Amino acid sequence: MASLQGRDLLSLADFSSEEIAELLNLAIELKSKEIEPLRRKVLGLLFYKASTRTRVSFLVAMYQLGGQAIDLNTSVTQISRGEPLEDTAKVLDGYLDILAIRTYKQTDLETFAACSQIPIINALSDLEHPCQVLADLLTAQECFGSLTGLTLTYLGDGNNMANSLLLGCALMGMHVRIACPKDYQPDGAIVEQTKQIAAGKTEVLVTEDPIEAVQGSQILYTDVWASMGQEDLAESRIPIFQPYQLNEALLEKADKEAIALHCLPAHREEEITDAVIAGSQSRIWQQAANRMHAQKALLLSLLGGSY
Ligand code: CP
Ligand code: NVA
């Protein structure tokens with residue numbers, strides 16, 4: 001995995017199909033290994049937004065691989081008092097071996113990457129959530145054996161999850177369908193980029209019709225209707241998004257072997273029903289656990305650790 005050493009992960013499209021495939025296989029391999037190849041390596045977690053899964057899975061991944069992590073909420077750093085990101089990036093570059101950032105603007109990540117020598121990881125921005133999609137692909141690979149030719153349907157808001165799923169599915173030879181209300185489509189530039197990756201090989205569909213989108217699909221996926229930073233819009237969005245709810249009726253229209261995924265946290269009975277979360281087709285807890293395994297492979301690869 002030397003090829004990923006020293007690289008950044010700001011968008012899932014920063015990695016090639018082959019590099020993602022190798023990462024997923026490494027993640028599976030690491031599940032059965034107790035090894036500490038990252039001894040004395042330190043990960044920083046610089047978060048502007050709340051997090052349970054991403055924060056804890058990165059902390060535990062570093063600990064189990066023999067390294068350490070420093071959990072930094074930006075409110076306790078001088079960023080909150082106006083220190084420029086460029087200065088913060090240069091300073092942290094002198095202490096840390098690798099830095100994961102959760103922020104609003106994708107340009108914050110680009111600023112850090114431009115001012116740092118160490119690898120910068122996008123731990124969620126308003127545009128993308130690549131670490132989550134590595135875990136989602138890992139889960140699909142475990143459930144179906146291979147990713148090639150599978151169809152993933154994402155239902156709901158065309159947000160960071162929709163954007164990274166588009167790229168991730170196309171890169172891995174999967175068909176990808178996004179069903180969302182007209183005014184809530186995924187990022188236009190990412191849809192175009194996805195179509196170029198998929199060109200002539202796999203299907204990329206953005207539609208307003210959830211029923212059309214789930215027909216024959218093997219993976220149904222959803223996320224909240226109002227993301228972090230949009231909380232005040234949540235109530236007004238409920239009637240707009242109701243037809244896209246991942247419920248048992250919609251799941252029945254998919255492939256009979258279909259699985260249900262959600263990145264979590266979920267607003268139960270809004271974008272997904274309790275029955276689907278608890279149902280036999282749900283792989284949501286496996287998916288959450290896989291955050292740590294996918295990130296172990298990512299950390300080891302970006303840091304060039306050998307074992
Ligand atoms: N899925 C995800 O990123 O969860 P957290 O916001 O809890 O990190
Ligand atoms: N779209 C959600 C994902 C949370 C993991 C958000 O950005 O809040």
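Keep in mind that the numbers below use all heavy atoms, side chains included, and drop hydrogens, waters and symmetry copies. Remember, predicted model here, so these are calculated numbers, not experimental data. Just so you know, ligand 1 is whichever comes first in the structure, and atom 1 is the first atom listed for that ligand.
For the pair R237 and D157, the salt-bridge criterion is met [side-chain N within less than 4.0 Å of a carboxylate O]. Of the charged side-chain nitrogens involved, at least one lies within less than 4.0 Å of a carboxylate oxygen, so that K31 and E142 count as a salt-bridged pair. By the 4.0 Å N-to-carboxylate-O rule, D136 lies too far from R291 to be salt-bridged with it. Of the charged side-chain nitrogens involved, at least one lies within less than 4.0 Å of a carboxylate oxygen, so that R55 and D71 count as a salt-bridged pair.
With no hydrogens or angles considered, no side-chain donor-acceptor pair links T207 and D209 at under 3.5 Å. Inspection of the Y154 and N163 side chains reveals no N or O donor paired with an N or O acceptor under 3.5 Å.
Scanning all protein heavy atoms for the shortest distance to atom 8 (O) of ligand 2 gives M228 N, 2.8 Å. At the top of the distance list for atom 6 (O) of ligand 1, counting protein heavy atoms only, stands R102 NH1, 2.8 Å. The protein heavy-atom contact nearest to atom 4 (O) of ligand 1 is R53 NE, 2.9 Å. Protein heavy atom closest to atom 7 (O) of ligand 1, with residue, atom name and distance, is T52 N, 2.7 Å. In this structure, the protein non-hydrogen atom closest to atom 2 (C) of ligand 1 is R291 NH1, 3.4 Å.
Distances below 4.0 Å separate heavy atoms of N159 from the following atoms of ligand 2: 1 (N). Residue L264 has at least one heavy-atom neighbour below 4.0 Å for each of these atoms of ligand 2: 5 (C). Of all atoms in ligand 2, numbered sequentially from 1 with element shown, those under 4.0 Å from a heavy atom of L124 are 3 (C), 4 (C), 5 (C), 7 (O). Residue N160 has at least one heavy-atom neighbour below 4.0 Å for each of these atoms of ligand 2: 1 (N), 2 (C), 6 (C), 7 (O).
Between D223, V224, T54, T52, it is D223 that holds the heavy atom closest to atom 3 (C) of ligand 2.
Checked by distance only, ligand 1 and M228 stay at 3.5 Å or farther apart across all their nitrogen or oxygen atoms. Where the criterion is an N or O separation shorter than 3.5 Å, residue side chain and backbone included, T54 meets it with respect to ligand 1.
Taking a 4.0 Å cut-off on heavy atoms, L124 fails to register as neighbouring ligand 1. Remark: distances from the non-hydrogen atoms of H129 to ligand 1 include one below 4.0 Å.
Taken from CG in L138 to CD1 in I20, the straight-line distance is 12.5 Å, to the nearest 0.5 Å. The CG atom of L134 sits 6.5 Å away from atom CG of L9, with the distance rounded to the nearest 0.5 Å.
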